[in-house]
Amino acid sequence: MIEQLLTDKVTEAVKTLYQLEASPSQIQLQNTRKEFEGDITLVVFPFTKVSRKSPEATAAEIGEYLKVNEDAVEGYNVIKGFLNISINQEYWLSFLSANYRAGEFGFREMDNGHQVVVEYSSPNTNKPLHLGHIRNNLLGFSLSRILQAAGKNVVKVNLVNDRGIHICKSMLAWQRWGNDETPESSGLKGDHLVGKYYVIFDKHFKEEIAVLVTEGMNPEEAAKKAPLIIEAQQILQKWEAGDKEVINLWKKMNGWVYDGFAKTYQTLGIEFDKTYYESQTYLLGKELVEEGVQKGVYTRRADGSVWIDLTADGMDEKLLLRSDGTSVYMTQDLGTAMQRYEEYKPEQLIYVVGNEQEYHFNVLKVVLKHLGCTWAESIYHLSYGMVELPAGKMKSREGTVVDADDLMQEMFDTSEAMARELGKIESFDDEEAKNLYRTIGLGALKYFILKVDPKKNMLFNPAESVDFNGNTGPFIQYTYARIKSVLRKAADAGDEVSFSTLQSVQLMPQEKELLRKIHDFPAIVAQAAELHSPAIVANYAFDLASEYNRFYHELTILKEENLASRALRLSLSQFTSKVIANALWLLGIEVPERM
RNA sequence: GGCCCCAUAGUUCAAUGGAUAGAAUUUCAGAUUCCGGUUCUGAAGAUUUGGGUUCGAAUCCCGAUGGGGUCACCA
């Protein structure tokens, strides 16, 4: 791309002019702002020290050097310390004709040397997925695709939290109040059915606590002494002891949940390369802790529990093994991290987990480093903020969770209402129309959530997200469909032939703007991968769609008489549609061929 | 309270330390017209606060204020 070309030339220029070996960070190239003449701008302030001249004079010297020594540079102008470089039209046109047909534009070949593991989703099996999981799943899936497009060999991993006291609560409630209810008999999706019993457990549990409190017990103690919780703990113990009856019930109910999750994942359009179950990994990590004790980096207390003192690292003391020898969260995460490292030897180990667990991952890294695992540095916690709704905050503790399945259905319904109102579906049969609602509803949801910087808390407004105008997924999808429609019409008129005649037309400003925007796409993908941020791709997709709309609005395409101009505009349209499709693919968003 | 994160137009989001802080939406004005709708054009509108570093700060550093998270032998 042109940036690389210019970086090299500028390096050469400052070496020749000022005998300076410039580091890449000193060469700051950016797209020239619209109000100025030029395509790419070099910030020359970093060179004024060695040039011992004013910013303007320095810029002029470098500009002149580039103009003389680089064919692609046709001119320059200087404003303050900014050197605005004009790239000649041949460069842009050859870029266009070389790439406009390339379906994989912006994507790099996979390099097997760069393996990356991305863990995301990681649900509990006692209740259905909710809005928070949606952000998690979308981020994880999209990030995986972005990394893949940047040339990484990505393994998408899910770690299902299928054991523990939470599922025992659902099991107990189902045994006691369930009357053999099944997904089939109740018509409920499996995960919803199990979630229902979790809620039932909680209701009775709270009642028991209330009774104990009126009898004079303090609430904290009551929460530990309530018969239901004791019984649930007994079930957990039986589970760990391998009790047949308990295990069978556990398998049955988890099976229902998996069926339900599979449907949710399918509807949401995400997938995994590999699924791990905590029931199979929760014993891992104990040997590691033992190893740490031998090495003297962890300490065993009199009661048998194992701790690490992280006060020197600015953290607290942390428990690594219970006094009864059983694992805690940290123990198994140490184990699974080690397992993954040994299995894949990845250059990066990414965890998509909410920001409430930031401390946990900081500790995880440090604990591994104390063990001598230098690869702990490759752990990256993609920490994301909470999703709120206009109605208020979404926290499971307050019982205001928004169910993922319900939310998606609402999105489909809303997009249907919207499409009908706008008369989008008159030429569609039922099947096509239904697919369109799905595509639009999901596109709206995904785009709205992914366009926000992951680390920030965000507000999801369902009604606003499906708007066909504005910074929304449907707007981008609509732009794509419109381009496709233009191209179909052109093809009907037998225009394909002229696509190949892209020579010596004069680029109009709007055409060049669009081309420049398209030209940025590979750099955007690289940056998004580097910063682990789908938001960069999302905002780019909107920019590109908006740019196309401006282009489309100001220039005629189908009625253009000049054949070369017409070919130019059609190839630009084709190119834009490919890049929009590619950008949306990175976000896991489908594009409709017409709408 | 300790530690971590966040703070940008009325609202929801942008801005690798670079030029006059961009969009979308809302509001207002105009155009379009079967219409108080749609579409189009234009305008208005923001860096919480006080210092510091820098040629240059929304961005980096220190303090204040406000919001969120986290400080379990839960995961």
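First the proteins, then the strands, lettered A, B, ... as listed; each starts at 1. Keep in mind the model is a prediction, meaning the values are calculated, not measured. Note: hydrogens, waters and symmetry copies are ignored here, and every other heavy atom, side chains too, is used.
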A14(B) phosphate, OP1 or OP2, under 4.0 Å from Lys456(A) side-chain N/O: yes

Between C55(B) (C1') and Phe45(A) (CZ): distance, integer Å: 6 Å

Residue closer to the 5' end of RNA chain B, Lys49(A) versus Glu356(A) (nearest nucleotide): Lys49(A)

Length of the CZ-P vector between Phe448(A) and A14(B), whole Å: 11 Å

Sugar-phosphate, base or nothing in reach of Gln357(A), heavy atoms under 4.0 Å: base

Phosphate OP1/OP2 of A14(B): any Lys451(A) side-chain N/O under 4.0 Å: no

Donor-acceptor under 3.5 Å (Asp162(A) side chain, Asn124(A) main chain): no

Nearest-angstrom distance from the residue atom CG of Asp543(A) to C1' of A14(B): 8 Å

Neighbour count above 12 (heavy atom, 6.0 Å) for Glu530(A) CD: no

Nucleotide nearest Leu319(A) when distance is taken to its side chain, options C73(B), C13(B), U16(B): C73(B)

Presence of Arg322(A) side-chain N/O under 4.0 Å of A75(B) phosphate oxygens OP1/OP2: yes

Aromatic ring of Phe82(A) stacked on base six-ring of G18(B), 5.5 Å, 30°: no

Glu240(A) (side chain) donor-acceptor with Gln237(A) (main chain) under 3.5 angstrom: no

NZ/NE/NH1/NH2 to OD/OE distance under 4.0 Å, Arg516(A) and Asp520(A): no

First encountered from the 5' end of RNA chain B, between Ile27(A) and Met458(A): Met458(A)

Below 4.0 Å: OP1/OP2 of C73(B) and any side-chain N or O of Arg301(A): no

Touch class at under 4.0 angstrom, heavy-atom based, for Phe542(A) against every strand present: sugar-phosphate

Sub-6.0 Å ring centroid separation between Tyr277(A) and Tyr258(A): yes

All stems with RNA chain B, defined as three or more consecutive Watson-Crick or G-U pairs under 3.5 Å: B:1-7 with B:65-71, B:10-13 with B:22-25, B:27-31 with B:39-43, B:48-52 with B:60-64

Cationic N near anionic O, under 4.0 Å, Arg340(A) to Glu119(A): yes

Inter-nucleotide C1' distance (G50(B), U12(B)), Å rounded: 29 Å

Length of the line joining Leu459(A):CG and U8(B):P, which is rounded to integer Å: 13 Å

Sugar-phosphate only, base, or nothing, as touched by Gln28(A) at under 4.0 Å among non-hydrogen atoms: base

Sugar-phosphate only, base, or nothing, as touched by Val452(A) at under 4.0 Å among non-hydrogen atoms: sugar-phosphate

Given A14(B), A19(B), C73(B), the nucleotide with the shortest approach to the side chain of Asp303(A): C73(B)

P atoms of U39(B) and A21(B), separation to the nearest Å: 30 Å

Pairwise C1' distance for U11(B) and U16(B), with rounding to whole Å: 28 Å

For atom CG of Asp520(A) and atom P of U16(B), their distance in whole Å: 13 Å

Sugar-phosphate, base or nothing in reach of Asp324(A), heavy atoms under 4.0 Å: nothing

Aromatic ring proximity, centroids under 6.0 angstrom, His166(A) and Tyr198(A): no

salt_bridge(Glu221(A), Lys224(A)) N-O dist < 4.0 Å: no

Nearest-Å distance for atom pair CE/C1', residues Met386(A) and U70(B): 13 Å

Nearest listed nucleotide, side chain of Glu358(A), among C5(B), A75(B), C40(B): C5(B)

Shortest side-chain distance from Lys455(A), nucleotide among C5(B), U16(B), U41(B): C5(B)

Neighbour count >12 (heavy atoms, 6.0 Å) for atom OH, Tyr552(A): no

Interatomic distance at C1', U53(B) relative to C61(B), whole Å: 7 Å

Touch class at under 4.0 angstrom, heavy-atom based, for Asn457(A) against every strand present: sugar-phosphate

Spacing of Tyr384(A) atom OH relative to G69(B) atom P, expressed in whole Å: 15 Å

Short side-chain N/O contact to G22(B) OP1/OP2 from Arg33(A), under 4.0 Å: yes

Same-atom distance (C1') from G10(B) to U26(B), integer angstrom: 7 Å

Within the 6.0 Å centroid threshold, strictly below: Phe542(A) and Phe475(A): yes

Contact under 4.0 Å: Lys34(A) side-chain N or O vs A23(B) OP1/OP2: no

Between C1' of C74(B) and CD1 of Ile167(A), the distance in whole Å: 16 Å

hbond_proxy Thr41(A) side chain to A19(B) base (donor-acceptor, 3.5 Å cutoff): yes

Under-4.0 Å side-chain N/O to phosphate OP1/OP2 contact, Asn362(A) with C3(B): no

Tyr18(A)-Glu61(A) side chain donor-acceptor pair, cut-off 3.5 Å: yes

Aromatic centroids of Phe460(A) and Phe448(A) separated by under 6.0 Å: yes

Nearest-nucleotide pick for Asn84(A), side chain only, options being A75(B), C40(B), A19(B): A19(B)

Selection: residues 307-316 of chain A, any non-hydrogen atom under 4.0 Å of RNA chain B: Asp316(A)

U47(B) versus U8(B) - spacing of their C1' atoms, nearest Å: 4 Å

Distance-only donor-acceptor check, side chains Thr326(A) and Arg322(A), under 3.5 Å: yes

Whole-angstrom distance between A46(B) and A9(B), as gauged at atom P: 9 Å

Span that lies between the P atom of U48(B) and that of A7(B), in whole angstrom: 9 Å

